[in-house]
Amino acid sequence: MKNLFIIMTLILTLSGCKQEPTTVPISLTWEMGQNEIEPGVYENTFYISNDGNESLNKNWILYFNQLPAAPIPNPEGAFVVEEISSTYYRMFPSANYKPIAAGDTVKFTFRCKGNIIKETNAPEGAYAVKLNNDGKEAGKPHSVEIKVTPFMHEYQWARKGRAELPYPYGDIVYEQNKFFENGLVGDADISIIPALKKVDKRQGEHHITKNIRIAHDGSFDNEAGLLKEKLESMFQATVSDAGETTIELKKLTNPKVKNNPEYYEIKTADKQITISGVTPHAVSNGAQTLLAIIGNLNGLPCHTASLYIEDYPDLLHRGQMIDVARNFSSKENIMKLIDIFAMYKLNILHFHIVDDEGWRIEIPGLPELTEVGARRGHTLDEADRLYPAYGGGCDFTEAGTGYYTRQEFIEILRYAKRRHITVLPEIDMPGHSRAAIVAMNARYNKYIDTDLAKAEEFLLADFEDTSKYLSAQWYTDNVINAAMPSAYRFVEKVINEVESMYKEAGMELNVLHMGGDEVPHGAWEGSSIARAFMQEKGMTQARDLKDYFFAQVLDILDEKNIQLAGWQEVVLMPDEKTVNERFAKRNVLTYCWNTIPEQGSDQIPYNLANAGYPIVLCNVTNFYMDMSYNKHQHEPGLYWGGFVNEYVPYDVLPYDIYKSIRHNMKGEKVDIVQASKTKVPLARDARAQIKGIQGQLWAETIRNFGMVEKALFPKMLGMIDRAWNTEPSWGFSNDETKHDDALRAYNAALNQYEYPRLNGFGVNFHVSQPGIKIIDGKLHANSTLKDAVIRYTIDGSEPNENSPVWTAPIDCDAKQVKAKTYFMGKESVTSIIHI
């Protein structure tokens with residue numbers, strides 16, 4: 001009975017206790033204010049709502065991430081906003097904070113250095129944590145949605161005092177779209193991307209049946225197998241020895257174009273098609289051309305003209321860089337991209353698998369690289385994961401966390417090899433190395449109490465380093481210490497393991513991209529280890545350590561017969577414009593990216609080529625697929641290098657690069673005739689140094705694979721055509737009508753063939769916004785997309801799939817009109833005009 005009394009007393013006591021909530025009952029809304037509220041400063045506001053039943057005291061902290069902003073301290077504010085690392089921030093109540101009553105909302109306005117013109121820059125990935133009475137985190141982190149107030153006012157995307165590209169209001173877009181109104185109709189038999197070099201089209205038609213036989217010798221087993229798979233999956237063909245139409249794959253022994261391993265020919269006759277190539281890769285290119293032609297003819301069975309095709313690429317490096325370090329893409333999605341790249345005859349997948357925010361490949365013997373460096377989530381010390389970044393919150397999100405196991409990477413290599421695509425890996429060092437540094441710090445801490453040698457074996461940082469620097473992505477701790485012997489043990493270990501994966505995949509690792517870009521000024525200056533090393537080696541400035549680092553890497557790679565590739569900074573002096581002659585004889589494949597004329601950097605590629613460096617053109621102004629399509633506030637992407645739409649990549653002239661930009665960053669038309677007059681020309685004997693063209697897709701603004709596809713397509717197609725055909729006929733003329741006619745024909749080809757082709761493969765390609773304009777009191781609308789549906793509203797609401805369809809000019813006296821393009825199940829951003 002006594003025990004029962006005690007139990008009942010405890011129950012009554014506990015039931016009377018008040019349970020403290022373990023979460024913070026808040027919701028958030030963020031609103032952009034005005035750019036240039038003071039010089040170089042913008043204003044923005046958080047609205048913090050208490051969704052709980054009691055007053056919200058100051059025992060909580062909020063974390064979020066945002067593309068780099070620099071909060072300006074406000075001693076009188078109710079909250080403190082601080083940067084933790086790069087894109088990762090925290091906000092918490094200050095001494096001026098007053099509890100928020102249940103159901104109330106408080107407004108907190110603060111200022112940051114810089115500017116914002118897109119909703120891409122809004123804070124995201126927010127989460128809150130409860131604090132105890134000592135200010136320590138006591139609760140479990142939980143996600144908090146941030147509602148972003150739509151940008152509706154010009155001051156939110158205008159930057160006062162700047163002459164820049166005009167905002168794409170509907171009437172401006174209308175005039176731009178008019179350029180394409182009389183687009184030329186393509187020829188289904190031969191209108192493909194990349195354009196064919198030579199086609200002899202004769203009279204008469206030939207039948208291609210749905211029952212097909214593929215004839216080939218053993219050297220083309222792989223190509224025959226792939227062609228069979230595509231014919232069956234794309235066109236529901238029946239491929240067997242009894243097929244009515246024969247496709248013969250042959251070795252070409254006497255090519256008309258010498259010394260080009262991708263040269264092929266196609267001949268068609270009735271129920272007989274011959275694809276001849278100098279190599280299996282060439283035959284594969286021919287097969288892709290045949291598949292494209294059949295697709296243009298609406299599949300099998302079909303009739304085609306009598307064709308004789310001679311085709312080959314001008315450049316043997318035709319690549320696309322995919323950044324999976326910032327935000328991850330699965331093995332399956334990378335394989336989908338490889339299939340599409342092969343369809344368009346790209347041959348390089350530049351795989352950016354390592355950066356500050358993620359290490360995405362398993363390295364046997366260094367499990368910390370993926371246990372720590374491939375995971376992002378809430379942490380106070382990064383002992384077992386990296387800080388959240390680029391949209392990720394407290395949880396292990398699909399985009400922020402992930403890596404390829406050794407076996408998965410080998411699968412990707414084999415998959416690409418079968419499709420004649422080289423996977424060129426990038427291990428970015430010595431800058432952009434924060435994920436590796438944090439992972440090796442974790443390894444150090446794991447072994448320091450049991451095995452000092454093992455703890456220090458691959459250490460990348462000097463713990464006593466007091467260097468002050470700020471990287472391009474606003475990191476202060478992302479540079480490997482190039483004076484530490486352990487750094488080179490790490491480099492060699494990683495290279496050996498990556499090389500081993502290639503060998504197991506049945507391939508040779510011929511080129512390794514080691515990054516080398518954006519090593520910030522000030523790195524190593526506060527390291528006693530570095531200073532002692534510099535004194536020992538007779539170095540006079542910390543920058544010399546970077547050259548030393550790459551000299552050592554070159555020696556490691558030379559022993560393995562692997563070519564070093566790197567971004568342009570590897571072979572430039574500290575001013576990042578003058579050629580560094582040190583490595584001119586070392587065959588460093590140099591990727592030239594910073595080509596902005598307004599910054600005086602557009603001459604760098606030719607300076608390097610003339611100095612003997614082999615180069616790949618990666619022009620930010622034409623080939624950075626992560627640059628936003630235009631200035632519209634809802635178009636995702638970056639804009640520091642301008643804007644890259646679906647036509648800008650098509651405009652590149654590799655051998656007259658200064659004519660590759662037809663509008664500057666202010667939107668002004670460039671005088672193409674004068675563009676090259678005062679610039680460094682490409683020396684005649686340096687033409688051979690241009691090895692290729694490549695697009696880049698950095699993933700800072702990518703949140704899922706659908707966004708990867710939308711950023712790449714269709715703008716990548718112009719780059720693909722220019723890599724195959726470096727000297728289009730319009731490039732030899734100063735008559736701009738020739739370029740204009742070619743661009744209209746290109747747009748027609750996109751509409752007639754490429755958009756349907758991409759849609760058939762389930763690609764989430766970008767759809768451009770419509771033009772709208774009031775002319776003589778009537779609403780006019782247009783689009784660059786043939787057969788697009790334009791829906792509009794006149795009451796200020798957002799157009800949707802139930803809004804009226806514009807079909808012809810109609811009377812309109814509304815104060816505001818909004819419109820969207822609907823095309824193949826996709827929709828554009830909204831065009832708007834104020835009347």
Side-chain angles (χ1 to χ4, degrees), residues 183-202 205-206 208 223 226-227 230-231 234-235 247 257 262-268 273-277 281-300 302-315 318 320 339-347 419-421 646-647 649-650 693 712-730 741-761 763 765 786:
L184 307 177
V185 177
D187 185 332
D189 286 331
I190 58 174
S191 182
I192 69 169
I193 293 175
L196 300 169
K197 280 288 194 302
K198 182 179 178 181
V199 180
D200 184 3
K201 186 174 180 180
R202 298 162 185 163
E205 281 192 340
H206 297 312
I208 305 177
E223 289 63 44
L226 281 172
L227 180 57
K230 293 299 182 183
L231 288 168
M234 294 170 63
F235 307 119
I247 301 174
V257 175
E262 295 186 58
Y263 176 85
Y264 70 92
E265 297 176 2
I266 297 179
K267 296 178 182 178
T268 65
I273 300 167
T274 302
I275 302 174
S276 307
H281 191 176
V283 167
S284 177
N285 289 339
Q288 295 292 357
T289 293
L290 176 62
L291 291 168
I293 290 172
I294 294 173
N296 288 1
L297 296 170
N298 298 316
L300 295 172
C302 64
H303 289 83
T304 181
S306 178
L307 300 174
Y308 172 56
I309 296 170
E310 298 174 8
D311 197 24
Y312 57 93
D314 290 333
L315 295 173
R318 306 179 304 282
Q320 176 63 47
D339 274 323
I340 297 169
F341 290 0
M343 180 170 73
Y344 287 110
K345 305 187 183 80
L346 284 183
N347 64 348
R419 289 152 180 80
H420 300 285
I421 291 177
E646 57 266 57
Y647 307 113
Y650 181 85
I693 282 176
L712 289 176
F713 301 103
K715 69 174 73 172
M716 196 174 79
L717 301 183
M719 180 270 295
I720 287 169
D721 190 62
R722 201 53 60 245
W724 192 272
N725 299 295
T726 58
E727 297 183 287
S729 58
W730 54 263
D741 286 345
L743 195 61
R744 291 186 184 100
Y746 172 71
N747 186 61
L750 292 180
N751 275 278
Q752 289 175 253
Y753 309 120
E754 303 313 325
Y755 292 135
R757 198 184 325 275
L758 291 170
N759 195 53
F761 281 94
V763 174
F765 61 83
K786 182 184 178 184

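Count residues from 1 along the sequence.
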Between the side chains of [X] and [Y], does any donor sit under 3.5 Å from an acceptor?
X	Y	answer
T289	Y264	yes
D311	Y263	no
E265	Y312	no

If you measure from [atom1] on [X] to [atom2] on [Y], what distance do you get to the nearest 0.5 Å?
X	Y	atom1	atom2	result
I720	M343	CD1	CE	8.5 Å
H303	H206	NE2	NE2	10.5 Å
L750	L758	CG	CG	9.0 Å
C302	E205	SG	CD	9.5 Å
S276	K267	OG	NZ	6.5 Å
I693	W724	CD1	CH2	13.0 Å

Item to check | Closest approach of Y746 to P714 (non-hydrogen atoms, all atoms of both residues) | outcome: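 In this case the closest contact between Y746 and P714 is OH-O, 4.1 Å.
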Checklist entry - Which pair of non-hydrogen atoms, one from G277 and one from A282, has the smallest distance, and what is that distance? => result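 Where G277 meets A282 most closely, the heavy atoms are CA-CB, 3.8 Å.
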Does any non-hydrogen side-chain atom of [Y] lie less than 4.5 Å from one of [X]?
X	Y	answer
I192	K345	yes
P313	R318	yes
D339	K230	yes
F713	E646	no
I293	L307	yes
D189	K201	yes
I247	I208	no
Y344	E754	yes

Item to check | Listed partners of K198 passing side chain to side chain contact (heavy atoms under 4.5 Å, CB included), at least two apart | outcome: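 Testing K198 for side chain to side chain contact (heavy atoms under 4.5 Å, CB included), a comparison that skips the adjacent residues, returns E310.
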Got a donor-acceptor contact below 3.5 angstrom from the [X] side chain to the [Y] backbone?
X	Y	value
N751	N747	yes
T274	T268	no
N725	A195	yes
D314	T726	yes
D200	I309	no

Next on the checklist: One pair to check against side chain to side chain contact (heavy atoms under 4.5 Å, CB included): L712 and F765. What are the steps and the verdict?
Outcome noted: CA-CA 8 Å; L712 289 176; F765 61 83; over 6 Å; no
Next on the checklist: Run the side chain to side chain contact (heavy atoms under 4.5 Å, CB included) test on V257 and K197 for me, step by step, so that the C-alpha distance in whole Å, both residues' side-chain angles and the decisive distance to 0.1 Å come before the verdict.
Outcome noted: CA-CA 11 Å; V257 175; K197 280 288 194 302; over 6 Å; no
Checklist entry - Hey, mind stepping through S284 and R419 against side chain to side chain contact (heavy atoms under 4.5 Å, CB included) and telling me if it holds? => result CA-CA 8 Å; S284 177; R419 289 152 180 80; over 6 Å; no
Next on the checklist: Checking M716 against L346 for the side chain to side chain contact (heavy atoms under 4.5 Å, CB included) test, could you report, in this order, the C-alpha distance in whole Å, the side-chain angles of both residues, the deciding distance, and whether it holds?
Outcome noted: CA-CA 11 Å; M716 196 174 79; L346 284 183; 4.0 Å; yes
Next on the checklist: Whether R722 engages the ring of Y650 as a cation-pi pair (distance to the six-membered ring centre under 6.0 angstrom, angle to the ring normal within 45°) should be assessed.
Outcome noted: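 R722 over Y650 ring: yes.
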Next on the checklist: Before you tell me yes or no, could you show the steps for H420 and E223 under side chain to side chain donor-acceptor pair (under 3.5 Å), namely the whole-Å CA-CA distance, both residues' side-chain angles and the distance that decides it to 0.1 Å?
Outcome noted: CA-CA 10 Å; H420 300 285; E223 289 63 44; 2.6 Å; yes
